[in-house]
Novice: 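My questions will all concern the structure given below.
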Amino acid sequence: MSLFTRRNFIGLSLTALPAWSQEKQTELRYLQPADAGYEAARRPFNSTIQLKPALIACCRTEADVVAAVKHAKEAGMPVAVKSGGHGFIGDSLNDGGLVVELSGMANRLLEAGSFRFTAGPGLKLRDCYSWLLKKGRLLPAGSCGGVGLAGLTLGGGYGLFAREFGLTCDHLLQVRMVDGNGEIHDSRDEPELLWACRGGGNGNFGVVTSFTFETRPAPPTLSTRKFTAKGLDAGGLAKHLERWFEIASALPEPCFSAVILNWNQATVLLTSTKSAEGSSFVAATKALHQAGFASKGSLTKPLADSLKRYEGEPGPLPFDNVSAGFYRGWDELKPAVAGICATVRGTPGLIFQVNTLGGAIARESESAYPHRAFGFLGELQAYWEKGTMPAKLAAGHATVRQALADAGIRNHYRNYPDSRLSNWGDAYFGNGYARLQALKARLDPDDRIRHAQSVRLPGA
Ligand SMILES: Cc1cc2nc3c(=O)[nH]c(=O)nc-3n(C[C@H](O)[C@H](O)[C@H](O)COP(=O)(O)OP(=O)(O)OC[C@H]3O[C@@H](n4cnc5c(N)ncnc54)[C@H](O)[C@@H]3O)c2cc1C
């Protein structure tokens, strides 16, 4: 969650999969680099990614996906899978291979009675929220509007509502997937697929062609308040960060908070699906003021209006963002804090952010997402104007990553990948990595679907 950067079918019963996901193709359109529309289909949100696939298969149906994967198999080409294109490190593209491009599969269906929601992989968060909110329903997800629901869910998916309701992947009930041989699977017949797609499914062994989720009654409003402390030196940044950890640790589940350290400023976002007049929101506000943060007041707005404020920039833009690790609390981050704060203070453009997790996320769930014990997630962000990352910013980025590694921070969020991590399998998936490898061997024995940090075949 980057906070500081720049046909309705309700009433249909869904005992079987919706007709739209079983359509027979095919209007499959392949694009080559010289074709009109190629660059628009290739373009990732991160403008520094220059990977150039030989062929982009613009899919509109599940049958298109089957045809594209079988074509790649016959041609001996690797396959990458692209939905929203917001992956940090370009793992939805490749050089010289085939990309299955899914933005044309943004269908959606809400089942009356059970309010189960089925979405195509091309659906973006912005459209997911606005479509469901009009029906009084919510699928808890991230906040930036352009992010793909597919990629977000397959890696976990947290946001303003995750502490109250759980991760996006915790709401996943069923998937359909085309494997590396072009065969179709349904998680109703293979529960292992559902386990894997709850946090361990990003471009690893198949192309997910439909997602079915449970939804929640939408809270009517969201209350938000922003706090800032300016003109801080490195020690001041550290002091404000420590106080935020104490205050954030006491928040009830309807509340989310993030702290953002940026040059000489610490900023806190506090949100709640309950009233800003509620005792917890008021107590947190008072504690933040006592800690030296200033604020102009709270805003309580209808949920749809509030979410628009956090939709983020349309992009593409140059950035280098990575997971800064999971922590149970202040004590785990503490050994790295002096180094982080000194570096952020001396490196304009470098942002260190910590988000609250915990709450419903911490409860048991059959999923490949392994980080439930951690109440906090850090993100290191670097933004610049154009071209490659300026040397000073790159050096600051490296210093903070080293400080985190030296402090023993080893668990990282799959959806905030870092291409420099050597032990990424353990860092993203923990003890579940071997189980994901076994699924890989069954669904994609030729390693057709792959990227730099895709789950490897056992023994590879
Ligand atoms: C501006 C911004 C804001 C963000 N905010 C949040 C946030 O609030 N919360 C959060 O949890 N994360 C957030 N993220 C991270 C985001 O969850 C990941 O980048 C996510 O992987 C993006 O999914 P996508 O479909 O847009 O990207 P893509 O680049 O299309 O895909 C990302 C990965 O998922 C795989 N994938 C995509 N679709 C499929 C499919 N149908 N089947 C199999 N594999 C697939 C791709 O192969 C690739 O490995 C944010 C990212 C950005 C850039």
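Atoms within each ligand, like the ligands themselves, are counted from 1 in listed order.
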Novice: Taking Arg29 first and then Glu101, would you say they form a salt bridge - that is, a charged N and a carboxylate O separated by under 4.0 Å?
Specialist: no
Novice: Report yes or no: does Ser143 have a heavy atom closer than 4.0 Å to ligand 1?
Specialist: yes
Novice: Tell me whether Tyr416 has any N or O atom under 3.5 angstrom from an N or O of ligand 1.
Specialist: no
Novice: So for Gly157, does at least one of its heavy atoms come nearer than 4.0 angstrom to any atom of ligand 1?
Specialist: yes
Novice: Is a side-chain N or O of Asn321 found less than 3.5 angstrom from the main chain of Ala382, in a donor-acceptor match?
Specialist: yes
Novice: For Lys82, take its heavy atoms, then give the atoms of ligand 1 lying under 4.0 Å from any of them.
Specialist: 30 (O)
Novice: Would you check the N or O atoms of Phe319, main chain and side chain alike, for any that come under 3.5 Å of an N or O of ligand 1?
Specialist: no
Novice: Report the part of Pro121 (side chain from C-beta onward, or backbone N, CA, C, O) that has a heavy atom under 4.0 Å from ligand 1; answer both or neither where that applies.
Specialist: side chain
Novice: Taking atom CG of Asn423 as the centre, does the number of heavy atoms from other residues, nucleotides or ligands within less than 6.0 Å exceed 12?
Specialist: yes
Novice: Would you say Phe211 and ligand 1 have an N/O pair spaced under 3.5 Å apart?
Specialist: no
Novice: Please examine the side chains of Leu380 and Asp418, heavy atoms only from C-beta on, and report whether any two atoms are closer than 4.5 Å.
Specialist: no
Novice: Should Arg420 and Asp320 count as an ion pair when the cut-off is N to O under 4.0 Å?
Specialist: yes
Novice: What orientation do Tyr30 and His71 show, parallel under 30°, tilted 30 to 60°, or perpendicular over 60°?
Specialist: tilted
Novice: Less than 3.5 Å between some nitrogen or oxygen of Gly159 and one of ligand 1, yes or no?
Specialist: no
Novice: Show which atoms of ligand 1 fall inside a sub-4.0 Å distance from at least one heavy-atom site of Phe88.
Specialist: 51 (C), 52 (C), 53 (C)
Novice: So is Ala80 touching ligand 1 or not, going by heavy atoms under 4.0 Å?
Specialist: no
Novice: Taking NZ, NE, NH1 and NH2 as the nitrogens, is one of them in Arg456 or Asp447 under 4.0 Å from a carboxylate oxygen of the other?
Specialist: no
Novice: On a heavy-atom basis, which atom in Glu332 and which in Phe326 lie closest, and how many Å separate them?
Specialist: OE1-O, 4.3 Å
Novice: Would you mind running through ligand 1 and noting each atom that sits below 4.0 Å from a heavy atom of Leu102?
Specialist: 41 (N)
Novice: Under 6.0 Å from the six-membered ring centre of Phe115 and within 45° of its axis: does the NZ or CZ of Arg137 meet both?
Specialist: yes
Novice: Measure from NZ or CZ of Lys134 to the centre of the six-membered ring of Trp131, then state whether that distance is under 6.0 Å and the direction lies within 45° of the axis.
Specialist: no
Novice: Could you check whether any heavy atom of Gly156 sits closer than 4.0 Å to an atom of ligand 1, since that is the contact criterion I want to use?
Specialist: no
Novice: State the atoms of ligand 1, each with its element, that fall below the 4.0 Å cut-off from a heavy-atom position in Gly203.
Specialist: 35 (C), 43 (C), 44 (N), 45 (C), 47 (O)
Novice: Is Arg414 close enough to touch ligand 1? Criterion: a residue heavy atom under 4.0 Å from a ligand atom.
Specialist: yes
Novice: If the cut-off is 4.0 Å to any non-hydrogen atom of Gly142, which atoms of ligand 1 fall inside it?
Specialist: 7 (C), 8 (O), 9 (N)
Novice: Could you tell me whether a side-chain N or O of Asp446 sits under 3.5 Å from a main-chain N or O of Arg448, the two making a donor and an acceptor?
Specialist: no
Novice: What do you reckon, does Phe45 have a nitrogen or oxygen under 3.5 Å from a nitrogen or oxygen of ligand 1?
Specialist: no
Novice: Would you say ligand 1 has an N or O under 3.5 Å from any N or O of Gly84?
Specialist: yes
Novice: What do you reckon, does Val208 have a nitrogen or oxygen under 3.5 Å from a nitrogen or oxygen of ligand 1?
Specialist: yes
Novice: With respect to Gly148, determine whether any N or O atom, backbone or side chain, lies less than 3.5 Å from an N or O atom of ligand 1.
Specialist: yes
Novice: Does a donor on one side chain sit under 3.5 Å from an acceptor on the other, for Lys440 and Asn204?
Specialist: no
Novice: Please could you name the atoms of ligand 1 that Tyr413 approaches to less than 4.0 Å, counting only its heavy atoms?
Specialist: 10 (C), 11 (O)
Novice: Under 4.0 Å between a side-chain nitrogen and a carboxylate oxygen: does that hold for Arg126 and Glu311?
Specialist: yes
Novice: Below 4.0 angstrom from a heavy atom of Cys144, which ligand 1 atoms are there? Numbered from 1 as shown, please.
Specialist: 1 (C), 3 (C)
Novice: So, the side chain of Ser223 versus the backbone of Lys274: is there a donor-acceptor pair under 3.5 Å, distance only?
Specialist: yes
Novice: Who's closest to atom 29 (O) of ligand 1 heavy-atom-wise, of Gly315, Cys169, Ser92?
Specialist: Ser92
Novice: At under 4.0 Å between heavy atoms, is it the side chain or the backbone of Leu154 that contacts ligand 1, or both, or neither?
Specialist: side chain
Novice: Could you grab the distance from atom NE2 of His371 to atom OH of Tyr428, nearest 0.5 Å is fine?
Specialist: 9.5 Å
Novice: Does Gly206 have a heavy atom less than 4.0 Å from any atom of ligand 1?
Specialist: yes
Novice: What are the atoms of ligand 1, with element, lying closer than 4.0 Å to any heavy atom of His451?
Specialist: 49 (O)
